[in-house]
Amino acid sequence: MTDPLIKAIVDMDDNEAIKIVNKRIAANEDPMSILDCSKEALTTIGELFETGEFFLAELVMGGQIFKEIADIVSPLLKSEVAESKGRILIGTVQNDIHDLGKNIVVLMLEISGFDVLDIGVDQPAENFIKAIKEFDPQVIGLSGLLTVAFTSMQKIVAEIENAGLREGRKIMIGGSQMDDHVNKFVGTDAYGTDAMKAVELSSNWCKG
Ligand code: B12
């Protein structure tokens, strides 16, 4: 763990982490690389949690430090795009409250010119369906990091289909655990494990 920012976050030293972030911004480092670095620290924290070296308190603290950093860095990524490229509905699925990654996805989609409706965390199928009826999105994004989220995603997709609302829309799932198997299990059009994939998929789907 050679990067000092990763080390500060994993050590739960938020003052040091913020100091390093501000220094890197002042030195014109790409804001996205600061976020990527902070994300790597959370991956390490997750691994330490899995092996029993860290507890829930560290997961919470790590998440809080990431949020502080994202709040500083996000405004630097904002840009003005005149015309909307399309409407994207997104939310973290039922039984899952992880939203740091989803929030980065929302930010990157907005920066890229999409209108995004973010319905938040722990969202059941009925809330997605209500939002589809009101917002009429071309793309629906389901976010989730927990294994239990896969079942929630599958249920949401099935209920969107049952409500006759799938036709003419694309559905993507995302989170660090997504792969082809999960995509198949859930019945979605594609998956992504980072925010840029969400932008790439949405751009392709909203072209015509
Ligand atoms: C921070 C954290 C928390 C925080 C979350 C704070 C918050 N507001 O989000 C808190 C403390 C609340 C938390 C709680 C729990 N957590 Co937690 N958590 C993490 C941790 C360390 C980091 C996640 C994170 O934010 N990463 C940083 C972001 C930027 O990265 P990201 O999430 O991957 O997001 C990117 C992509 O996934 C993608 N993406 C995300 N959404 C979408 C959507 C679309 C459409 C697309 C295309 C892409 C996309 O783009 C994002 C940006 O690049 C992970 C470890 C890990 N390796 O992920 C564990 C982890 C996810 N948690 C875990 C667990 C077990 C839990 C708890 C059950 C712990 C407990 N005993 O209570 C609870 C569950 C609560 C619940 N019901 O949801 C496990 C999950 C294991 C599993 N297989 O299910 C993990 C993997 C840790 C581990 N290794 O064991 N957690």
Side-chain angles (χ1 to χ4, degrees), residues 5-6 9-10 12 14 31-71 73-74 77 86 88-112 114 116-124 128 137-153 156-157 169-183 186 188-205:
L5 178 55
I6 297 180
I9 299 171
V10 174
M12 307 286 140
D14 56 338
M32 207 54 217
S33 82
I34 299 175
L35 280 184
D36 284 343
C37 197
S38 310
K39 181 176 159 182
E40 224 180 296
L42 287 195
T43 305
T44 305
I45 290 172
E47 284 161 7
L48 292 167
F49 175 75
E50 219 166 337
T51 55
E53 284 163 80
F54 273 4
F55 298 96
L56 190 57
E58 279 91 2
L59 277 193
V60 174
M61 187 66 192
Q64 276 167 359
I65 299 175
F66 184 92
K67 189 173 181 314
E68 277 181 62
I69 295 172
D71 286 347
V73 172
S74 299
L77 289 162
I88 322 278
L89 167 67
I90 192 164
T92 301
V93 300
Q94 190 162 31
N95 298 322
D96 197 327
I97 61 163
H98 293 87
D99 67 353
L100 298 172
K102 169 186 66 62
N103 295 344
I104 303 289
V105 171
V106 170
L107 177 72
M108 294 314 291
L109 286 168
E110 285 176 345
I111 289 168
S112 308
F114 292 96
V116 184
L117 176 62
D118 176 4
I119 57 170
V121 300
D122 195 16
Q123 292 296 320
F128 278 94
Q138 289 110 315
V139 179
I140 299 156
L142 308 179
S143 180
L145 296 193
L146 299 176
T147 312
V148 293
F150 304 164
T151 317
S152 302
M153 288 174 171
I156 291 167
V157 171
R169 305 178 212 280
K170 295 285 189 183
I171 310 183
M172 59 182 174
I173 49 170
S176 48
Q177 294 199 72
M178 298 306 151
D179 59 21
D180 278 325
H181 295 291
V182 184
N183 193 40
V186 176
T188 26
D189 295 293
Y191 73 94
T193 54
D194 62 47
M196 288 324 292
K197 187 69 186 180
V199 174
E200 184 196 313
L201 290 170
S202 305
S203 301
N204 287 338
W205 288 334

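A quick note: this is a predicted structure, and the numbers were derived from the prediction, not measured. Indexing begins at 1, ligand by ligand and atom by atom, following the structure's order.
Contact annotation: G62 has no heavy atom less than 4.0 Å from any atom of ligand 1. Contact between K197 and ligand 1 is absent, with no heavy atom of the residue lying under 4.0 Å from the ligand. In this structure, K67 does not count as a contact residue of ligand 1, since none of its heavy atoms falls inside 4.0 Å of the ligand.
Contact annotation for atom 86 (C) of ligand 1: protein absent (non-hydrogen atoms, distance under 4.0 Å). There is a protein heavy atom less than 4.0 angstrom from atom 38 (C) of ligand 1. Distance check for atom 54 (C) of ligand 1: every protein heavy atom is found at 4.0 Å or beyond. Distance check on atom 5 (C) of ligand 1: some protein heavy atom falls below the 4.0 Å cut-off.
Selection from K39, E58, E47, E50 by nearest heavy atom to atom 89 (N) of ligand 1 gives E50. Of all the listed residues (D122, V60, I97), I97 holds the heavy atom that lies closest to atom 76 (C) of ligand 1.
Residue Y191 has no nitrogen or oxygen atom sitting less than 3.5 Å from a nitrogen or oxygen atom of ligand 1, judged on distance alone. At least one N or O atom of A195, backbone or side chain, sits closer than 3.5 Å to an N or O atom of ligand 1.
Scanning the protein heavy atoms around atom 82 (C) of ligand 1, the nearest turns out to be T147 OG1, 3.4 Å. For atom 40 (C) of ligand 1, the closest non-hydrogen atom of the protein is S143 OG, 3.7 Å. At the top of the distance list for atom 8 (N) of ligand 1, counting protein heavy atoms only, stands D99 OD1, 2.7 Å. Atom 44 (C) of ligand 1 has G174 CA, 3.3 Å as its closest protein atom, hydrogens excluded (heavy atom only).
Two residues are said to be in side-chain contact when any heavy atoms from C-beta on lie closer than 4.5 Å; L59 and F54 fail this criterion.
Residues forming a side chain to side chain contact (heavy atoms under 4.5 Å, CB included) with S74 (at least two apart in sequence, or on another chain): A70, L107. Annotation: side chain to side chain contact (heavy atoms under 4.5 Å, CB included) contacts of E40 (sequence neighbours excluded): I6.
When each atom of ligand 1 is checked for a heavy atom of F66 under 4.0 Å away, the hits are 29 (C). Taking every non-hydrogen atom of D96 and a distance limit under 4.0 Å, the qualifying atoms of ligand 1 come out as 78 (O). The ligand atoms of ligand 1 that sit less than 4.0 angstrom from a heavy atom of Q177 are 82 (C), 83 (N), 84 (O).
Both the backbone and the side chain of L100 come within contact range of ligand 1, each with a heavy atom under 4.0 Å. Residue-level proximity to ligand 1 for N95 is carried by the backbone, the only part with a heavy atom below 4.0 angstrom.
Excluding waters, the protein N/O/S atoms found under 2.8 Å from atom 17 (Co) of ligand 1 are H98 NE2.
Sequence neighbours left out, the pairs with a member in residues 45-67 that pass side-chain hydrogen bond (donor to acceptor under 3.5 Å, both in side chains) are T51-E53, K67-D71.
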